[in-house]
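Have a look at the structure below, then the notes.
Residues: numbered from 1 along the sequence shown. Keep in mind that what you see is a predicted model, and the values were worked out from it rather than measured.
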Amino acid sequence: MIRQFALCMGGSWLAFAILGYLSLVLSSGDTSAGRLLLGILPVGPWLNLLYLLLGVVGLAGSGQYRTSIFYARLAAITGAALAVLGFVPGATQLPALLPLTQDVMGLHLLFAVIAAYFGWGEPSRSYIALL
């Protein structure tokens with residue numbers, strides 16, 4: 001089950017990155033409405049790069065149990081760090097590059113909780129018990 005998590009979440013983050021870059025390219029000017037992913041979540045080049053990296057690492061790590069557990073733990077830490085970073089006043093000074101709104105922070109926090117379950121919870125413990 002941990003391998004399927006890495007595959008699904010890696011594919012999802014890769015899709016978010018591709019859609020985010022398309023949204024940036026197709027946006028007309030600097031309007032905030034043109035820089036929304038699917039009309040809901042704000043996008044920026046650095047955030048899309050992070051999504052791209054999370055997607056590629058997830059897809060690459062889904063081949064083995066150990067790398068899938070590593071990916072889940074890395075994703076949990078990254079998602080939690082981004083959620084906390086949204087509360088830091090200086091981090092929101094560059095909204096065009098790294099838009100950390102409440103919607104994006106909620107998405108990162110939800111992803112961190114799910115990834116933590118797979119990284120440190122029952123799916124990874126059952127694999128480690130087999131070793």
Side-chain angles (χ1 to χ4, degrees):
M1 186 156 82
I2 187 80
R3 291 176 57 205
Q4 288 84 2
F5 165 77
L7 182 66
C8 289
M9 290 312 294
S12 297
W13 285 117
L14 190 60
F16 279 146
I18 292 169
L19 290 173
Y21 279 121
L22 285 175
S23 177
L24 286 175
V25 169
L26 298 177
S27 67
S28 58
D30 288 333
T31 63
S32 61
R35 299 198 179 268
L36 293 177
L37 175 63
L38 303 175
I40 302 170
L41 300 172
V43 294
W46 291 107
L47 198 57
N48 287 340
L49 180 63
L50 180 65
Y51 293 162
L52 181 69
L53 290 174
L54 281 172
V56 169
V57 170
L59 292 177
S62 67
Q64 297 179 352
Y65 287 104
R66 288 182 185 182
T67 55
S68 296
I69 291 171
F70 173 77
Y71 170 72
R73 291 176 179 179
L74 176 71
I77 292 169
T78 304
L82 283 173
V84 169
L85 187 64
F87 291 108
V88 176
T92 58
Q93 296 298 324
L94 300 172
L97 294 175
L98 190 66
L100 293 172
T101 63
Q102 290 180 350
D103 298 333
V104 175
M105 290 181 343
L107 178 69
H108 292 152
L109 187 60
L110 176 67
F111 177 63
V113 168
I114 294 170
Y117 168 73
F118 282 96
W120 286 286
E122 183 58 34
S124 65
R125 282 187 293 208
S126 62
Y127 167 72
I128 292 172
L130 293 175
L131 295 178

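Note that CD1 of Ile114 and CG of Leu109 are 10.0 Å apart. Values are rounded to the nearest 0.5 Å. In this structure, OH in Tyr51 is found 7.5 Å from CG in Leu82, a value given to the nearest 0.5 Å.
Nearest heavy-atom pair, Ser68 versus Gly61, reported as atom, atom and distance to 0.1 Å: OG-O, 2.9 Å. Nearest heavy-atom pair, Ala17 versus Asn48, reported as atom, atom and distance to 0.1 Å: CB-O, 3.6 Å. For Ala116 against Ala76, the heavy-atom pair with the smallest separation is N-CB, 3.6 Å. Listed here is the closest heavy atom pair of Ala115 and Ala72: CB-O, 3.4 Å.
Put simply, Leu7 and Val56 are part of the same group of oily side chains (I, L, V, M, F, W, Y) that touch within less than 4.5 Å, one to the next. Under a hydrophobic-cluster definition in which Ile, Leu, Val, Met, Phe, Trp and Tyr are linked whenever side-chain heavy atoms come within less than 4.5 Å, directly or via other members, Leu110 and Leu50 are assigned to the same cluster. Cluster annotation: Tyr65 is connected to Met1 through the hydrophobic network of ILVMFWY side chains, with a link wherever side-chain heavy atoms come within less than 4.5 Å. A continuous path of hydrophobic side-chain contacts links Leu54 to Phe70 [ILVMFWY only; heavy atoms under 4.5 Å]. One hydrophobic cluster, built from ILVMFWY side chains closer than 4.5 Å, cannot hold both Val113 and Met9; they sit in different ones.
Listed by first and then second residue, the side-chain hydrogen bond (donor to acceptor under 3.5 Å, both in side chains) pairs that reach into residues 3-20 come to none, sequence neighbours excluded.
With sequence neighbours left out, Tyr71 forms a ring-ring contact (aromatic ring centres under 6.0 Å, His included) with no residue at all.
Looking at Tyr21 and Leu49, their side chains come closer than 4.5 Å, going by heavy atoms from C-beta outward. With a 4.5 Å cut-off on side-chain heavy atoms, Leu107 and Phe111 do not count as touching.
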